[in-house]
Amino acid sequence: MIMGAPGAGKGTQAKLLEERRGVAHISTGDILRDARRAGTTLGREAERFMAQGLLVPDDVVIGIVADRLAAQNHNRGFLLDGFPRTVPQAEALAEMLGKGGEPLDAVVSIDVPEDELVRRLAARRVCRQCGAMFQLDADPAARTGRCDRCGGELYQREDDREETVRARFDVYARDTAPVLQYYRDAGLLREISGVGSREEIFLRVLASLP
Ligand code: AMP
């Protein structure tokens, strides 16, 4: 599992692990954004919360992850990105994994100072098509507004705008920080610095895995 405050780089690192290690990447944020784009009931329900930087209710995201874990072929392992974000979600996950006899190997938390997070989120642009991420200043796309990988359109996530970012930090401190403590108590937490290039951080992620 990979954790981190908004802008810490968990999505970027999760995609690298998926590409280079072949692990199944399960991102609740990506699943919810896909549902929103497709205009499904789930997408419409989630939208109200996401647009305000609030968490989607526990039962909704727990259901999504349960379906994914049941459906996915994860011979080469799986990686949870953006889930669990509350202690009840962590408890539900423990129950699901317990039943399948597949305990978590590690919980990697990527730590980045808050002023750096604010800067990154303001500069973040995401590909509408493949989800690749760029930074306007530090890691721009070669062609402005177009994804280097697939040519898709780059956009700023609505919840990366300043007003919403503040709400997301508050939610992280209130609801998600206790999840870190939950995994620290379980002896699974590995904290790494998320400052540096994406390759440097990727090496830290790999070194932290058992
Ligand atoms: P992310 O892409 O992980 O930053 O998630 C984007 C948004 O999706 C969050 O701000 C929440 O509104 C929602 N979301 C994603 N994962 C969860 C989760 N595990 N629990 C509740 N809401 C979630």
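Atoms within each ligand, like the ligands themselves, are counted from 1 in listed order. Please read all numbers here as calculations on a predicted model, not as lab measurements.
Side-chain polar atoms of Asp30 and Thr28 form no donor-acceptor pair below 3.5 angstrom.
Both the sub-6.0 Å distance and the 45° axial angle are satisfied by Arg20 relative to the ring of Phe202.
Salt-bridge check for Glu116 with Arg119: passed, with a basic side-chain N closer than 4.0 Å to an acidic carboxylate O.
The 4.0 Å heavy-atom shell around ligand 1 contains residues Lys10, Thr28, Gly29, Leu32, Arg33, Met50, Leu54, Leu55, Val56, Val61, Gly82, Phe83, Arg85, Gln89, Arg157, Asp159, Arg168, ordered by chain and number.
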Residues 165-174 side chain polar contacts: donor-acceptor under 3.5 Å, at least two apart:
residue: Arg166; atom: NH2; partner: Glu162; partner atom: OE2; Å: 3.0
residue: Arg168; atom: NH1; partner: Asp159; partner atom: O; Å: 2.7
residue: Arg168; atom: NH1; partner: Asp160; partner atom: OD1; Å: 2.9

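Among residues at least two apart or in separate chains, salt bridge (charged side-chain N to carboxylate O under 4.0 Å, His left out) pairs with a member in residues 180-189 are Arg184-Glu191.
In terms of the side-chain contact (heavy atoms from CB on, under 4.5 Å) criterion, residue partners of Arg143 (sequence neighbours excluded) are, by chain and number, Arg146.
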